[in-house]
Amino acid sequence: MLKLRSSGLSCGVCANFQIPIPRCFMNSITTSSIDVKPKVPLYLRPPSFSASLSELTKWHKWAKNLASSVGSSFINLDNGPDSTLLRRELNWLLQDLIELQHRSVILSRLESGNNENPDVIVALRAPLEEMYCVWRQRIEKRRPFQYVVGCEHWRDLVLSVQEGVLIPRPETEVIIDLVEGVALNNAPDLAQGFWADLGTGSGAIAIATARALATHAHGDACGRVIATDLSPVAVAVATSNVQRYGLQDVVEVRKGSWFEPLKDVQGKLAGVLSNPPYIPSGDISGLQAEVGQHEPILALDGGISGTNDLLHLIDGVASMLKPGGFFAFEANGEKQCKFLVEYIENEKPGSFRDMNIVSDFAGIQRFVMGFRR
């Protein structure tokens, strides 16, 4: 189960750009991005609703008891959340639900069971009726907590997510570490080029990459990012996240499958990044319920061996990168990573240099990276 982590909203971009701009960058919000209206995360909704403290206390007690009833049953079933984590999620939900001005006082009274002034009115960002519904979904349907609150904390970002969009994982943050620590440190000029995030989902990699490029830019020249996704929901959510961070002039979200929307930058990309589907089809049914039953199968299922999309990316990336360009792909552990490196060495001899397998925060070999010759 993924854990939310506290972070703040901030952004910084280059004011002037002096690299050639493909025609479509003149209008970075594609028509497909407005086909679906993204949902507003709970913490961004106005406090337009209210309930008495006694009503909120009643709901909190009910929600806490429902969480406690789980015990360790989900852990035993599929390594899901236990009661301790669910109660922690309940506290996070309350933090997003209660308006900011009186939040700390109300939370303290709920935790202590203080019944003083039970008729005091509490401003909320959603009606309690909705909270009864979504918390029941969280426990009984195993709906991911990130979908309940509508966001996920990732690096220093708070990203909107909803059904139909993969929830960004902490381990994927390593891709940005590789962009900054390997690609841009070894080849600073890559910070001024075009980068691609394929299968962008929420736009996490694209947004974080754009911010990294801005940090490493030289003078007024700053790189740009093109994010692609086949899902119209992901395109809409990623576009919304890009706009919220003020990066709409730096990150373009295009609808389409992998390299298909990138024909105008073929052979010109400074970097290609992706966290593609890599779970073997036969393993999907055994995933944690929050993942296998709720997150988009399109973003999870990588075919029989889990490498269908990874091989497609490797087959295409050599023709998309300019000489010296960088790539980093996430994969499903040591076996897949070694297979991919062997595939590149055997099927793409002489195309890449400085290839490496990189581990995630847990020490699991997770990423394959390299440079175009």
Side-chain angles (χ1 to χ4, degrees), residues 1-5 38-39 41-42 59-60 62-94 96-97 126 130-154 159-173 199 201-202 204 229 231 233-234 237 275-306 308-309 330-333 336 360-362 364 366:
M1 183 59 196
L2 304 176
K3 298 180 181 180
L4 291 175
R5 291 170 297 163
K39 297 178 182 178
L42 181 59
W59 172 82
H60 180 248
W62 167 83
K64 196 171 183 179
N65 287 338
L66 194 61
S68 297
S69 70
V70 170
S72 59
S73 60
F74 293 166
I75 290 182
N76 298 332
L77 183 64
D78 56 16
N79 200 32
D82 64 4
S83 289
T84 300
L85 177 55
L86 290 170
R87 288 192 295 266
R88 193 179 307 145
E89 290 181 354
L90 177 59
N91 288 334
W92 292 332
L93 178 59
L94 279 167
D96 283 2
L97 174 65
E130 180 181 334
M131 292 298 100
Y132 275 104
C133 179
V134 298
W135 192 247
R136 190 179 295 277
Q137 291 173 345
R138 174 69 190 106
I139 305 299
E140 298 179 0
K141 301 296 184 181
R142 303 282 299 278
R143 185 186 180 200
F145 179 73
Q146 291 85 347
Y147 290 163
V148 170
V149 295
C151 70
E152 169 65 322
H153 293 243
W154 193 82
L159 299 163
S160 297
V161 293
Q162 65 187 61
E163 276 81 0
V165 176
L166 186 75
I167 299 166
R169 269 57 172 179
E171 56 265 29
T172 306
E173 297 179 11
S202 65
D229 206 294
S231 163
V233 179
V237 170
N275 174 22
Y278 53 63
I279 305 298
S281 301
D283 294 346
I284 298 294
S285 62
L287 294 175
Q288 189 182 94
E290 283 82 356
V291 180
Q293 296 178 21
H294 293 276
E295 294 197 70
I297 192 70
L298 185 69
L300 298 172
D301 193 338
I304 294 177
S305 66
N308 286 2
D309 295 290
E330 184 170 332
N332 189 29
Q336 271 193 12
D360 62 19
F361 301 131
I364 299 172
R366 180 72 66 188

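Residue numbers count from 1 along this sequence. None of these values were measured; they are calculated from a predicted model. Basis for what follows: all heavy atoms, side chains included, without hydrogens, waters or symmetry-related copies.
Rounding to the nearest 0.5 Å places CG of N275 at 11.0 Å from CG of D309. Separation of atoms CG (L300) and CG (L166) is listed at 6.0 Å; rounding is to 0.5 Å. Of the inter-residue distances, the one linking Q288 atom CD with N79 atom CG reads 6.5 Å to the nearest 0.5 angstrom. For the atom pair CG (L97) and CD (E130), the distance works out to 9.0 Å, reported to the nearest 0.5 Å. Between the CZ atom of R87 and the CG atom of L66 there is a distance of 12.0 Å, given to the nearest 0.5 Å. One distance of note links NE2 of H60 with CH2 of W135; it measures 9.5 Å at 0.5 Å rounding.
Nearest approach of G201 to D229, heavy atoms of both residues: N-OD2, 2.9 Å. When all heavy atoms are compared, the tightest approach of I139 to F74 is O-CZ, 3.4 Å. Residues L159 and P168 approach most closely at CD1-CG, 4.1 Å, considering heavy atoms. Scanning both residues, P81 and R138, for their nearest heavy atoms gives CG-NH2, 3.5 Å. The two residues P280 and S305 come nearest to each other via the heavy atoms CG-O, 3.8 Å. Residue E330 comes nearest to Y278 through the heavy atom pair OE2-OH, 2.8 Å, listed as atom of the first residue, atom of the second, then distance.
A 4.5 Å side-chain heavy-atom check between P277 and D301 finds every atom pair outside the cut-off. Contact check for L93 versus V149: side-chain heavy atoms found under the 4.5 Å cut-off. The side-chain heavy atoms of R169 and I167, taken from C-beta on, include a pair separated by under 4.5 Å.
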Working note: Q137 + V148, criterion side-chain contact (heavy atoms from CB on, under 4.5 Å); need CA distance, chi angles, decisive distance, verdict. CA-CA 8 Å; Q137 291 173 345; V148 170; 5.6 Å; no
Run the side chain to side chain donor-acceptor pair (under 3.5 Å) test on D82 and S72 for me, step by step, so that the C-alpha distance in whole Å, both residues' side-chain angles and the decisive distance to 0.1 Å come before the verdict. CA-CA 5 Å; D82 64 4; S72 59; over 6 Å; no
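Remark: D78 engages R142 in a salt bridge, criterion side-chain N to carboxylate O under 4.0 Å. Ion pair K141/E163 not flagged as a salt bridge, since none of the NZ, NE, NH1 or NH2 atoms sits closer than 4.0 Å to an Asp/Glu carboxylate oxygen.
Between the N332 side chain and the I279 main chain, no donor and acceptor come within less than 3.5 Å of each other. Without hydrogens or angle criteria, Q336 side chain to A331 main chain gives no donor-acceptor distance under 3.5 Å. Remark: side-chain polar atoms of S160 are not paired, donor with acceptor, to backbone N or O of C151 under 3.5 angstrom. Between the side chain of E290 and the main chain of G80, no donor-acceptor pair closer than 3.5 Å is present. With hydrogens and angles disregarded, a donor-acceptor distance shorter than 3.5 Å links the side chain of Y147 to the backbone of V165.
The aromatic rings of Y132 and W59 lie perpendicular to each other, with more than 60° between the two planes, well past the 30° mark.
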